[in-house]
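Structure record follows, encoded as structure tokens.
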Amino acid sequence: MTMNFFRGVMGGQPAGPQPTGAETIHKLCDRVASSTLLEDRRDAVRALKSLSKKYRLEVGTQAMDHLVHILQTDRSDSEILGYALDTLYNIICNDEEEEQDESEDMAAAPPLSGKHKNVPVSDENAQKQEEDLGVLFTDKFLADSENVTLLLTLLEEFDFHVRWPGVKLLTALLKNQCNQVQGVILVSPMGVSRLMDLLADSREVIRNDGLLLLQQLTKGNAAIQKIVAFENAFERLLDIITEEGSSDGGIVVEDCLLLLVNLLKNNSSNQNFFKEGSYIQRMKPWFEVGDDNSGWSAQKVTNLHLMLQLVRVMVSPVNSPGATSSCQKSMYQCGLLQQLCTILMATGVPADILTETINTVSEVIRGSQINQDYFASVNAPSNPPRPAIVVLLMSMVNERQPFVLRCAVLYCFQCFLYKNQKGQGEIVATLLPSTIDANSISAGQLLCGGLFSADSLSNWCAAVALAHALQDNLTQKEQLLRVQLATSLGKPPVSLLQQCTNILSQGSKVQTRVGLLMLLCTWISNCPIAVTHFLHNQENVPFLTGQISENLGEDERLVQGLCALLLGICIYYNDNSLENYTKEKLKQLIEKRIGKENFVEKLGFVTKHELYSRAAQKPQPVFPSPEQMLFDHEFTKLVKELEGVITKAVHKTSEEEKKEEEVKKTLEQHDSIVIQYKDLIRDQDTQIQELREQVSTLSLNSEQMHNQITQQQSQIQQHKDQYNILKLKLGKDSQGLSSNQGLSSSQGEGAHVNGLHSEELSQLREEVEELRRQHTLQHTQLSDKDSLINTLRCGAAAQTAEGGAGGSDNTDLLREVESLRSRVQSQCAEISQLQTERQELIRRAEAVSSAPASSSESSADTVKVSELESRLAAQTTETERLKEECRGLREGHAGLEQQLASAQSTVAIEQTEKTKLQQEVQESKKEQDDLLMLLADQDQKILNLKQRLRDLGETVGETICSYCRSRPGFQTTEEDPPPQRFKGLGYYCGFSGGRSC
């Protein structure tokens, strides 16, 4: 029954009406859902696969759920899984490529009619309809995120008929709904790792489609890019590229390079991982080209182009400066830059590869001084050799070269000069009269030739290149003012600045004038000397005002805006050295001939131009056509910086400018003071560091001395112990001699004793020398103490003269010091006496040792030795006592120093209080004098008033003080009034002439 049904569907055509495609698909879906036999379901799914391309809508609408169910339930049969995955791919994929179906399927498919069969639609509408269907079915499949998880699980199957369709299906889903599928894979456990395993598959078709899958997966998702990179993607991809033949490989190399670009572009983490993994060094062999570069295949050109793009991704100007600089350094160290320069100077390289190589070298050297220096040393293989820069500039100013190549050379020159003051100086030096070589072509000559040629694009490129030689370099701006040009025979040379303004006033093409105006604005900005040279030409200012004030067409608006910018720079950076063109006079000229509002409006034409924002986006000059090449990236930065300040400068009054100048001067003075203080602090830091080093050295020396003292003390103790041992031995021998031996033996023992005496005498001599050294040291310490006592005495006398409170304390201190000094002197006398006695003992001991030995003298020697030992013990005890007293003296000295410091602090406090009291007394005197002056003025006023009253006939009495009454010869009457108190200061006395008594 079942087989008869399939014969009717897949076999011959029975009699009767034929079923439509939708009906057939509906029957097949029912069979898939209801059949219990695996073979029936497999045949039904295979039939759906054969119909899925022609009837995408019907199959996708009716069969998708059944197909997903097959993937979930029939996991054991790889064939039905493969059919289901192929069917889902056919209804979701939007590609035009035909799938290779099985021959029996194609032969068995009946000519079914469907509603789309004879509908006449255009190709565009059909393509759009196909894309809409793909997105529609993708959304339906992704409605349940578990479907993607199920698909990832199926990719673990090693069977080719399951894994390959699964890879293609997931790739199609990513193409239609990338973000949604990425989100599901990102949260799926081991999702990315399963996909990375595809690169290790031994079947190339699966590995290659896995590359396409990973390309779609890594688009615009930094998190997935990081995971893929840390799954050892770089190592695997570089191995595949090497296995496939690097640049000579096929499309697989292209896919690997596209995936690498996806992983590295705008992803600083992966870029750092790529650099730290030493993968940059593995890129060098890619660019090894032979001498014969003819006949490059299209695939090799594509591969090498992508390799160059990969290098540019690592050193792109949009990356962080630190990462870019690190990659540039690595490329120089591993020889990659040298290899790129070899391609640059090679012959037979295709034009697009040469252009991209120039762009790549540009970004490898941009802002890297060591790379820029190397590039300046590269010579072209010509006879005679010429610098690579000169050869490139020759291409830039040659109008027969391709436009993209000229743009690339300009970008290379800009990158060579970027933050490279040394290179800027070398370029400007080729224009100066003293360095021009008539037998060779220099970069300066080529730039001047391009600046004044008939080709407007050459004019613009040369002007921008020369402007970059002056960028942020005041020295070169001033040097370029020295350049003189010979215009024609018989006429004097003119400066380069003057020639630029002459060409500008002749009304050339817009592109030429824009380039010259950008050069002039860059040249005179932040350079008052160049502004003065520009204003010195009497024709320049009238030309600029005339250009700005005219009502020109749309094409001339940009020129008007740049003229306004140039005139604004002349105002802002004017040092008022020319009387006719000071800041104030230029602003008056603008107000009279142009109008401030009109001037600001024309200035705004620059930033409002449609090409301005495009040039401001990135440093590389990329333009669709030569006519649109008007703005330079660095110039847009200058305009953005100056537009606001010029607008403010035009609207400012002279008073505001004076205030600003005063503020600037104040700030400059403040900065100079800050610099002085910084220098002072720096010097002090240096001194502190030196002092610290000295302290550390002295501390080390002190430790060494302390160690030496400790060693010497231990040696002294050892000598003392040896001496005691010898003394004990000598005592025992003496006792044996007196009791047991006779005369003959006494003589022998006397010789032995004399030998011991000699050893003892040597010990005594050493002790005497040690005491002498100690005496010398103590004498030196006493001298130091004497000088300190004298210093204290002088300080105490001075303090006694200044303040009475500290005088008594200082007197007591001096007394104590005198007493200590007397004690020290007495001890010194005792020490001298002991030393004298010791010398006497030594002489007597020597005399004893030299006398002939006899039995009678032996006992006397024994007695003398005992006496010497006792005397030596007494001297040792006395020495110890002296050491203790010296130690006590040191402690007393320290106490005296503390007391002296306390007394000095007390005197300082009293001196401060005395100074305060004196200041208060002075202030009181000053106030009293002021009050006396005030009273004198009041007295004079009262006298004047009394005089006026007397003049008017009034009787005025006088107030007489008691002091005046008691003066001799004073007479008064009963009408005299008593003295009166005036403002609490004294008595006002009329008798004494109106003054306070």
Side-chain angles (χ1 to χ4, degrees), residues 666 669-670 673-674 676-677 680-681 683-684 687-688 691 784-822 889-944 959-968 970 978-997:
T666 305
Q669 293 176 356
H670 175 71
I673 293 172
V674 170
Q676 291 177 359
Y677 276 115
L680 178 61
I681 292 170
D683 295 338
Q684 290 178 349
Q687 294 176 1
I688 289 171
L691 292 174
D784 295 339
K785 290 177 182 178
D786 289 341
S787 61
L788 178 61
I789 289 168
N790 292 329
T791 304
L792 293 173
R793 183 180 295 170
C794 295
Q799 292 171 1
T800 305
E802 291 178 357
S808 59
D809 296 337
N810 294 334
T811 304
D812 296 338
L813 290 173
L814 288 173
R815 291 174 181 173
E816 293 180 4
V817 170
E818 288 295 336
S819 63
L820 290 171
R821 188 174 182 182
S822 62
L889 287 174
R890 291 192 189 98
E891 295 176 354
H893 174 62
L896 287 174
E897 287 181 348
Q898 292 179 356
Q899 293 177 7
L900 179 60
S902 175
Q904 288 177 348
S905 62
T906 305
V907 171
I909 293 171
E910 291 175 353
Q911 185 66 27
T912 304
E913 293 179 354
K914 179 181 176 182
T915 305
K916 290 182 180 178
L917 290 173
Q918 289 177 352
Q919 291 178 354
E920 291 177 358
V921 169
Q922 292 294 332
E923 291 176 357
S924 300
K925 287 182 180 180
K926 186 177 180 181
E927 291 178 356
Q928 187 176 4
D929 292 340
D930 294 340
L931 290 172
L932 288 174
M933 292 295 294
L934 180 62
L935 289 174
D937 293 340
Q938 294 293 336
D939 292 344
Q940 188 63 37
K941 290 179 182 178
I942 291 171
L943 288 174
N944 292 337
T959 302
I960 303 171
C961 66
S962 59
Y963 172 75
C964 292
R965 289 177 185 273
S966 63
R967 290 172 63 184
F970 175 75
Q980 297 179 0
R981 188 80 171 176
F982 182 72
K983 292 187 179 179
L985 296 173
Y987 291 96
Y988 175 76
C989 179
F991 179 75
S992 60
R995 59 186 173 82
S996 178
C997 297

Original post:
CG of L680 to CD of Q676: how many Å apart, nearest 0.5 Å?
Top reply: 9.5 Å
**OP:** Would you check, one step at a time, whether the test side-chain contact (heavy atoms from CB on, under 4.5 Å) holds for I909 with E913?
**Re:** CA-CA 6 Å; I909 293 171; E913 293 179 354; 3.9 Å; yes
**OP:** With rounding to the nearest 0.5 Å, note down the distance linking CD1 in I942 to CG in D937.
**Re:** 11.0 Å
Original post:
To the nearest 0.5 Å, what is the distance between CG (D930) and CG (L935)?
Top reply: 11.0 Å
Original post:
Rounded to the nearest 0.5 Å, how far does CD of E920 lie from CD of E923?
Top reply: 7.0 Å
Subject >> Nearest-0.5 Å distance that lies between atom CD in Q918 and atom NZ in K916 >> reply: 13.0 Å
**OP:** Evaluate the criterion side-chain contact (heavy atoms from CB on, under 4.5 Å) for residue pair M933 and D929; output intermediate values, then yes/no.
**Re:** CA-CA 6 Å; M933 292 295 294; D929 292 340; 5.5 Å; no
